[in-house]
Amino acid sequence: MPLLPPLREIIARHGLTASKALGQNFLLDGQLLSRIARVPGDLQDAEVFEVGPGPGGLTRALLQAGARVTAVERDRRCIPALAELGAAFPGKLRVIEEDALEIDAATLFAGKPHIVSNLPYNIGTALLVRWLSAGWLPWWSSLTLMFQKEVADRIVAGTDDDAYGRLAVLAQWRSSAKLAMPVHRSAFTPPPKVMSAVVHIVPKDAPDGVDFAVLERLTGAAFGQRRKMLRQSVKGVPGALAALEQVGIEVTRRAETVSVAEFVEVARVMSA
């Protein structure tokens with residue numbers, strides 16, 4: 001294991017500061033970063049995809065865990081620091097200077113990588129939705145992602161929770177999603193105004209007979225007017241009211257009371 005300088009020294013030497021425009025907040029706590037790198041399980045010789053490595057704090061932890069890391073970074077200021085890290089772990093780090101929203105990440109890997117990232121706040125949800133909307137089973141093995149705490153809560157929320165909505169259904173209808181750990185704002189440089197959390201998502205087989213586009217339309221309508229009864233919110237979706245009746249869901253209920261499994265059953269009827 002190579003002896004590496006402290007992250008603060010790397011940041012100071014390269015004159016790096018977190019860019020608000022890029023949604024950056026640097027994590028410097030080595031023990032915390034190592035804990036995050038352990039969430040996916042044994043990474044020895046495993047492929048890992050990281051978005052927005054910045055100065056390479058999490059990248060370092062992943063490499064120390066034995067992973068082969070492909071990191072996409074659009075901030076060219078960070079490239080020299082990542083190059084140093086690559087030199088310390090020969091053949092283990094591939095850095096792509098590109099915008100993560102503009103690349104086809106699946107084509108970068110021969111196998112199914114784990115995606116592990118302290119995601120830039122301004123693109124985190126968009127990337128998550130893209131990865132969850134991929135063909136199933138997806139091209140990745142698991143997702144271990146840092147979000148603002150309120151976004152993390154929306155991903156793992158259950159019925160009757162204020163945070164429960166379309167993102168929870170998208171994450172849970174064919175995946176298991178859990179909060180892996182909370183992360184205090186003080187762990188970041190600079191500290192953000194909000195708390196954060198790491199979410200771990202593992203894909204599972206999609207339920208038979210369910211068209212994803214149908215589920216999207218159904219939940220989009222239901223949660224688009226979440227305070228209204230279902231008979232009002234989904235009336236514009238062809239077949240939705242008849243499917244609710246067939247499944248036995250009262251149309252006087254609201255979307256926030258309908259479980260992921262119930263939405264799946266309605267979408268299955270509508271997909272037939």
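Atom set for the values below is all heavy atoms of this structure, side chains included, hydrogens, waters and symmetry mates excluded.
For Arg68, the side chain to side chain donor-acceptor pair (under 3.5 Å) test picks out Asp45, with sequence neighbours left out. For the side chain to side chain donor-acceptor pair (under 3.5 Å) test, no residue two or more places apart in sequence or in another chain qualifies with Thr252. With sequence neighbours left out, Val194 forms a side chain to side chain contact (heavy atoms under 4.5 Å, CB included) with Gln148. For Thr70, the side chain to side chain contact (heavy atoms under 4.5 Å, CB included) partners are Phe49, Arg94, Ile96, Leu108, Phe109, not counting sequence neighbours. In this structure, the salt bridge (charged side-chain N to carboxylate O under 4.0 Å, His left out) partners of Arg74, at least two apart in sequence or on a different chain, are Asp99. Here Asp29 pairs with nothing under the salt bridge (charged side-chain N to carboxylate O under 4.0 Å, His left out) rule; sequence neighbours left out. Applying the side chain to side chain contact (heavy atoms under 4.5 Å, CB included) criterion to Ala134, with sequence neighbours excluded, gives Pro138, Trp139. By the salt bridge (charged side-chain N to carboxylate O under 4.0 Å, His left out) test, Arg35 pairs with no residue at all, sequence neighbours left out. When the side chain to side chain donor-acceptor pair (under 3.5 Å) test is applied to Ser117, no partner is found at least two apart in sequence or on another chain. Partners of Glu50 according to the side chain to side chain donor-acceptor pair (under 3.5 Å) rule, which considers only residues two or more places apart in sequence or in another chain, are Thr59.
Closest non-hydrogen pair, Asp75 versus Arg77, comes out as OD2-NH2, 2.7 Å. Between Leu7 and Gly57, the closest heavy-atom pair is CD1-CA, 3.5 Å. Contact between Ala240 and Val266 at its shortest, heavy atoms only, is O-CG1, 4.5 Å.
Contact check for Arg174 versus Asp205: no side-chain heavy atoms found under the 4.5 Å cut-off. The shortest distance between side-chain heavy atoms of Arg185 and Ser196 does not fall below 4.5 Å. Put simply, the side chain of Ile201 does not reach to within 4.5 Å of the side chain of Gln172, judged on heavy atoms. Within the 4.5 Å cutoff, side-chain heavy atoms of Leu145 are placed close to those of Trp131. A 4.5 Å side-chain heavy-atom check between Phe89 and Val69 finds every atom pair outside the cut-off.
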* To do: Would you check, one step at a time, whether the test ring-ring contact (aromatic ring centres under 6.0 Å, His included) holds for Tyr164 with Phe223?
  => CA-CA 9 Å; Tyr164 181 64; Phe223 287 107; 5.6 Å; yes

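Atoms CH2 and CG, from Trp173 and Leu132 in turn, are 11.0 Å apart once rounded to the nearest 0.5 Å. If you take CG on Leu27 and CG on Asn118, they are separated by 5.0 Å, rounding to the nearest 0.5 Å. Taking CD1 of Ile79 as the start and CG of Leu82 as the end, the distance is 5.5 Å to the nearest 0.5 Å. Leu127 contributes atom CG, which lies 8.5 Å from atom CD1 of Ile115 (distance to the nearest 0.5 angstrom). One distance of note links CG of Leu4 with CG of Leu85; it measures 6.5 Å at 0.5 Å rounding.
Ser271 contributes a side-chain N or O that, together with a main-chain N or O of Asp211, makes up a donor-acceptor pair within less than 3.5 Å.
Counting only residues at least two apart or on different chains, the salt bridge (Lys or Arg N to Asp or Glu O under 4.0 Å) pairs with a member in residues 153-169 are Lys149-Asp153. Within the structure, the salt bridge (Lys or Arg N to Asp or Glu O under 4.0 Å) test picks out the following pairs touching residues 243-259 (sequence neighbours left out): Arg226-Glu256, Arg227-Glu256, Arg253-Glu262.
Under a cut-off of 6.0 angstrom, the local environment of CD in Gln31 is sparse, with at most 12 non-hydrogen atoms contributed by other residues, nucleotides or ligands. Other residues, nucleotides and ligands contribute only 12 or fewer heavy atoms inside 6.0 Å of the CZ atom of Arg8.
Linking ILVMFWY side-chain heavy atoms closer than 4.5 Å, directly or via other members, places Met195 and Ile155 in two distinct hydrophobic clusters.
Between the side chains of His114 and Ser142, at least one donor-acceptor pair of N or O atoms lies under 3.5 Å.
At a threshold of 4.0 Å, the pair Arg60-Glu84 does not count as salt-bridged, since none of the basic side-chain nitrogens sits closer than that to a carboxylate oxygen.
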